[in-house]
Amino acid sequence: MAEERKLTTRAEDFSAWYNEVVLRAELADYSPVRGCMVIRPDGFGIWERMQRALDDAFKATGHRNAYFPLFIPEGFLHREAEHVKGFAPEMAVVTHGGGKRLDEPLVVRPTSETIIYAMFAKWVHSYRDLPLLINQWANVVRWEMRTRLFLRTLEFLWQEGHTAHVTHDEAEAEARSILVLYRDFMDEWMAMPVVTGQKTESERFAGALRTYSCEAMMQDNKALQAGTSHNLGQNFSRAFDLTFQTESGGSDHAWNTSWGVSTRLIGGLVMTHGDDRGLRIPPLLAPTEVVIVPIWRSDSDRVRVLEAAGRICQSLGSWERREPNRLRIHLDARDTLKPGAKYYEWELRGVPIRLELGPRDLEKNQAVLVRRDTGAKTPASLDTLGEDIEQLLETIQGSMLETARARREEHSVRGAITYDRFREIMNDEGAFVYAGWCGSAACEAKIKDETKATIRVLPDEEFRSAERPGRCLCCDEVATAEALWAKAY
RNA sequence: CGGGACGUAGCGCAGUCCGGUAGCGCACCUGAAUGGGGUUCAGGGGGUCGCGGGUUCAAAUCCCGCCGUCCCGACCA
């Protein structure tokens, strides 16, 4: 009977395991519309914490939030040739409104470059108006053929930053600094280590000069693009007449960047940290950091334990060092479930710390703290509970990052490698392979065709192998770059 | 759009080959006991068997058509 309730283990079938965890932990659900997703409160709670952290970071670097329309005139998309080519196949188009056929169809935004730069053109007149640093929290629609909860849905929530600058270098610096901001967020908040780097021409954002990306490794050794930042050059400025008067009195097109992360991050979080018991949420993003499971035998015990648990909630929730952000603590006082059943449930939901409190603990003036990530149990004195929990949460956060990083490194291959060996690795377990590339799209395509692996990025200096491979993985020509190869989501 | 599988209670499934009262587990409701790792017992509610047509005394089951979902390809944050 207990067997039946067990999760599919990750090793058996990673996809099935992922779906099962997302659904059973109640992060999301399928909607009546195929390919769309309902984000449930538990999932949205994680997103809200991500939003807050990112929003603070954007504000701290001078960006401000604004909102632009959901509908974009179809003609706008066509003004940038590359852009429309990239997005046309996945656009949802509104042809009727108010019962009448529209003169010009409206595209439901797949991304907002066009409408935003059309507005920027009205707002920017002088170099003094620059840089213009705007962010938008919004939903977008991309009509994907195959969807997957959180990772690829027809509609998704995201944040898209759009900026305009006086010079190329300034825009480039912005795109790079946002990439670092993303990486820090993924490291420090999500405990999900990422490789940063530049996309190849074939993987570049439609209409961009250069695209930078954060790539995370999932537990099936596939790569997940977790965030992107683009230097758009003057392509959109030209298309939308975004000009300004320069300091010397001339006229110039502004330089743009755009960048975004989406609810896909939640999928990445699940696939990075989840285990065979369910979700593991890093403390900083956990909607609930601590769950108290009270234990009692008799009615009098029940009263005593619940009273003590209530006191803990009150004092920790208002613990002075946490003000105004109280410790996010939940008391599971349900008397319909045995403690054991509660343990399984909260483990599935990924709450970082479980606090067990029973009559025996009260006698010893202690509680038992159980880590979700390692399962380790330690008693803690009720007198120092706040400090101990705070300490433990920090430990868990750091330890989860280290575990994920170690896992990634364990499945990374650096240095010279033969094509046969590469194919073997890709067909076997999969891995992040750092290997030479001649720079030709032909080789890139050939490898993708033969191994299903793709170039994810040309990694930043710090992620490259110490010894640069001299030869292209594919054609054996002299390599002009080292690329990160992996199978990808 | 090509290849494969499936559609039966909220969820997971059996029953279909070989037509004959619509079942099981979980969840849910009521009551009692239980309570430091998925409690037990007793009772109970819930299904136009994806939709439409055909064959038959009789269809979840056989035949035809349609719809939908999932998986694998091409596409993608």
Side-chain angles (χ1 to χ4, degrees), chain A residues 1-8 13 15-16 19-20 23-24 26 29-35 85-91 110-111 139-160 182 199 202-206 211-216 223-230 258-268 277-278 293-299 301-302 305 333-348 354-364 366-368 370 375 377 379 445 448-449 452 454 456 488-489:
Chain A
M1 220 192 302
E3 275 313 296
E4 285 176 35
R5 282 192 254 175
K6 226 181 82 185
L7 285 170
T8 309
D13 182 345
S15 292
N19 281 325
E20 210 175 332
L23 293 173
R24 295 225 339 233
E26 297 184 1
D29 205 350
Y30 294 107
S31 84
V33 179
R34 186 200 71 84
K85 229 170 82 189
F87 283 102
E90 53 192 49
M91 288 187 325
T111 178
N139 58 338
V140 288
V141 168
R142 296 180 188 179
W143 216 264
E144 304 288 354
M145 312 212 167
R146 277 176 62 195
T147 59
R148 204 142 150 44
L149 291 172
F150 285 116
L151 299 186
R152 189 174 300 105
T153 48
L154 294 196
E155 180 195 1
F156 57 94
L157 302 181
W158 76 346
Q159 146 281 310
E160 50 180 325
Y182 282 159
K199 288 281 190 188
S202 65
E203 300 256 320
R204 207 178 53 198
F205 176 78
T211 289
Y212 300 103
S213 160
C214 298
E215 299 289 335
L224 180 76
Q225 180 172 311
T228 49
S229 179
H230 318 289
S258 72
W259 27 275
V261 296
S262 73
T263 38
R264 166 179 265 201
L265 289 179
I266 299 172
R277 292 174 167 232
V293 178
I295 293 148
W296 63 77
R297 207 174 288 249
S298 64
D299 275 355
D301 280 349
R302 179 174 180 277
V305 169
R334 290 176 293 179
D335 48 14
T336 48
L337 288 180
K338 286 175 72 174
K342 294 179 184 177
Y343 297 168
Y344 279 93
E345 183 177 325
W346 293 110
E347 280 167 2
L348 174 67
R354 178 174 79 237
L355 188 156
E356 301 178 0
L357 190 70
R360 296 210 297 265
D361 295 311
L362 288 184
E363 276 155 32
K364 289 188 266 183
Q366 67 165 37
V368 177
V370 186
K377 294 187 180 194
K448 187 171 183 180
D449 194 46
K452 306 284 179 240
T454 175
R456 293 317 285 174
Y489 275 98

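Letters A, B, ... mirror the listed sequences (proteins, then strands); counts begin at 1. Note that this is a predicted model, so its numbers are computed, not measured.
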Visitor: Under 3.5 Å for both donor-acceptor distances, Watson-Crick or wobble: does B:G36 have a partner, and if so which one?
Guide: none
Visitor: Please state the C1' separation for the pair B:C49 and B:C13 - nearest whole angstrom.
Guide: 13 Å
Visitor: Taking the C1' atom in each of B:G65 and B:A22, what is the distance between them to the nearest angstrom?
Guide: 26 Å
Visitor: Using purine N1 to pyrimidine N3 plus N6-O4 or O6-N4 for Watson-Crick, or N1-O2 and O6-N3 for G-U wobble, both under 3.5 Å, which nucleotide pairs with B:C75?
Guide: none
Visitor: What distance, rounded to whole Å, do you find between the two C1' atoms, one in B:C75 and one in B:G23?
Guide: 44 Å
Visitor: Tell me the partner of B:A59, counting only Watson-Crick (N1-N3 plus N6-O4 or O6-N4) or G-U wobble (N1-O2 and O6-N3) with both under 3.5 Å; none if nothing fits.
Guide: none
Visitor: Heavy atoms only, 4.0 Å cut-off, all strands: where does A:Arg302 land among base, sugar-phosphate and nothing?
Guide: nothing
Visitor: Got a sec, which residues hit ring pair (Phe, Tyr, Trp, His ring centres under 6.0 Å) with A:Trp259, two or more places apart in sequence or on another chain?
Guide: A:Phe58, A:His63
Visitor: Which base sits across from B:G68 as a Watson-Crick or G-U pair, both distances under 3.5 Å?
Guide: B:C6
Visitor: Any side-chain N or O of A:Lys338 under 4.0 Å from OP1/OP2 of B:G36?
Guide: yes
Visitor: More than 12 non-hydrogen atoms from neighbouring residues, nucleotides or ligands closer than 6.0 Å to CG on A:Asp335, yes or no?
Guide: yes
Visitor: Closest approach to the side chain of A:Tyr344, judged atom by atom: which nucleotide of B:A74, B:G38, B:G36 is it?
Guide: B:G38
Visitor: Could you tell me whether A:Tyr212 and A:Phe205 have their ring centroids closer than 6.0 angstrom?
Guide: no
Visitor: How many whole angstroms separate atom CZ of A:Arg24 from atom P of B:A27?
Guide: 11 Å
Visitor: Would you mind reading off the distance between A:Arg360 atom CZ and B:G36 atom P, rounded to a whole angstrom?
Guide: 10 Å
Visitor: Are the side chains of A:Val305 and A:Leu362 in touch, meaning some heavy atoms are under 4.5 Å apart?
Guide: yes
Visitor: To the nearest 0.5 Å, how far apart are CG in A:Asn139 and CD in A:Glu155?
Guide: 4.5 Å
Visitor: Apply side chain to side chain contact (heavy atoms under 4.5 Å, CB included) to the pair A:Glu203 and A:Thr211, showing each step before the final yes or no.
Guide: CA-CA 8 Å; A:Glu203 300 256 320; A:Thr211 289; over 6 Å; no
Visitor: Watson-Crick or G-U wobble partner for B:U16, using a 3.5 Å limit on both distances?
Guide: none
Visitor: Distance-only, no hydrogens or angles: does the A:Lys199 side chain make a donor-acceptor pair with backbone N or O of A:His230 under 3.5 Å?
Guide: no
Visitor: From CD of A:Glu203 over to C1' of B:C75, roughly how many Å is that when rounded to an integer?
Guide: 12 Å
Visitor: Taking atom P in both B:U61 and B:G53, what distance in whole Å separates the two?
Guide: 14 Å
Visitor: Just to be sure I understand the rule, does A:Glu347 reach a base, reach only the sugar-phosphate, or reach nothing, if contact means heavy atoms closer than 4.0 Å?
Guide: base
Visitor: I need the CG-C1' distance between A:Leu149 and B:C70, as an integer number of Å.
Guide: 12 Å
Visitor: Would you mind classifying the nucleic acid contact of A:Arg354 as base, sugar-phosphate or nothing, using non-hydrogen atoms under 4.0 angstrom?
Guide: base
Visitor: Classify the nucleic acid contact of A:Pro339 as base, sugar-phosphate or nothing, counting any heavy atom under 4.0 Å across all strands shown.
Guide: sugar-phosphate
Visitor: Which base, if any, makes a Watson-Crick or G-U wobble pair with B:U30, both distances under 3.5 Å?
Guide: B:A42
Visitor: NA contact type, A:Arg277, heavy-atom cut-off 4.0 Å: base, sugar-phosphate, or nothing?
Guide: base
Visitor: With heavy atoms under 4.0 Å as the rule, sort A:Leu151 into base, sugar-phosphate or nothing.
Guide: base
Visitor: Would A:Arg354 and A:Glu345 count as a salt bridge (Lys or Arg N to Asp or Glu O under 4.0 Å) if you check the C-alpha gap in whole Å, the side-chain angles of each, and the deciding distance to 0.1 Å?
Guide: CA-CA 11 Å; A:Arg354 178 174 79 237; A:Glu345 183 177 325; over 6 Å; no
Visitor: Which whole number of Å gives the distance between the C1' atom of B:G35 and that of B:C71?
Guide: 44 Å
Visitor: Considering every strand and a 4.0 Å limit on heavy-atom distances, what is the contact class for A:Tyr30: base, sugar-phosphate, or nothing?
Guide: nothing
Visitor: If you look at every strand shown and take non-hydrogen atoms under 4.0 Å, does A:Lys377 touch a base, only sugar-phosphate, or nothing?
Guide: base
Visitor: If you look at every strand shown and take non-hydrogen atoms under 4.0 Å, does A:Glu356 touch a base, only sugar-phosphate, or nothing?
Guide: base
Visitor: Quick one: which of B:G37, B:G36, B:A74 gets closest to the side chain of A:Asp361?
Guide: B:G36
Visitor: Give A:Asp301 one of three labels, base, sugar-phosphate or nothing, depending on what nucleic acid heavy atoms sit under 4.0 Å from its own.
Guide: nothing
Visitor: When the distance from CE of A:Met91 to C1' of B:C75 is rounded to whole Å, what number comes out?
Guide: 15 Å
Visitor: Under a 3.5 Å cut-off for both distances, is B:G25 Watson-Crick or wobble paired, and to whom?
Guide: B:C11
Visitor: Using the P atom on both, measure B:G38 against B:C11 and round to a whole Å.
Guide: 28 Å
Visitor: Is any side-chain heavy atom of A:Leu23 less than 4.5 Å from a side-chain heavy atom of A:Leu149?
Guide: yes
Visitor: Select from A:Glu155 and A:Gly375 the residue whose nearest nucleotide in RNA chain B is closer to the 5' end of that strand.
Guide: A:Gly375
Visitor: Tell me the interatomic distance from A:Asp335, atom CG, to B:U39, atom P, rounded to whole angstroms.
Guide: 14 Å
Visitor: Both A:Ser298 and A:Leu224 contact RNA chain B. Which one's nearest nucleotide lies toward the 5' end?
Guide: A:Ser298
Visitor: From CD of A:Glu26 over to P of B:C11, roughly how many Å is that when rounded to an integer?
Guide: 14 Å
Visitor: For A:Thr153, report the nucleic acid contact type (base, sugar-phosphate, nothing); a contact means any heavy atom under 4.0 Å.
Guide: base
Visitor: Expressed as a whole number of angstroms, how long is the span from A:Asn19:CG to B:C70:P?
Guide: 10 Å
Visitor: Contact class for A:Leu337 (heavy atom, under 4.0 Å): base, sugar-phosphate, or nothing?
Guide: base
Visitor: Using atom C1' of each nucleotide, how far apart are B:G46 and B:C64 to the nearest Å?
Guide: 33 Å
Visitor: Can you tell me, in whole Å, how much space there is between the C1' of B:G54 and that of B:G73?
Guide: 37 Å
Visitor: Mind checking A:Thr228 for me? I need base, sugar-phosphate or nothing, with any heavy atom below 4.0 Å counting as a touch.
Guide: nothing
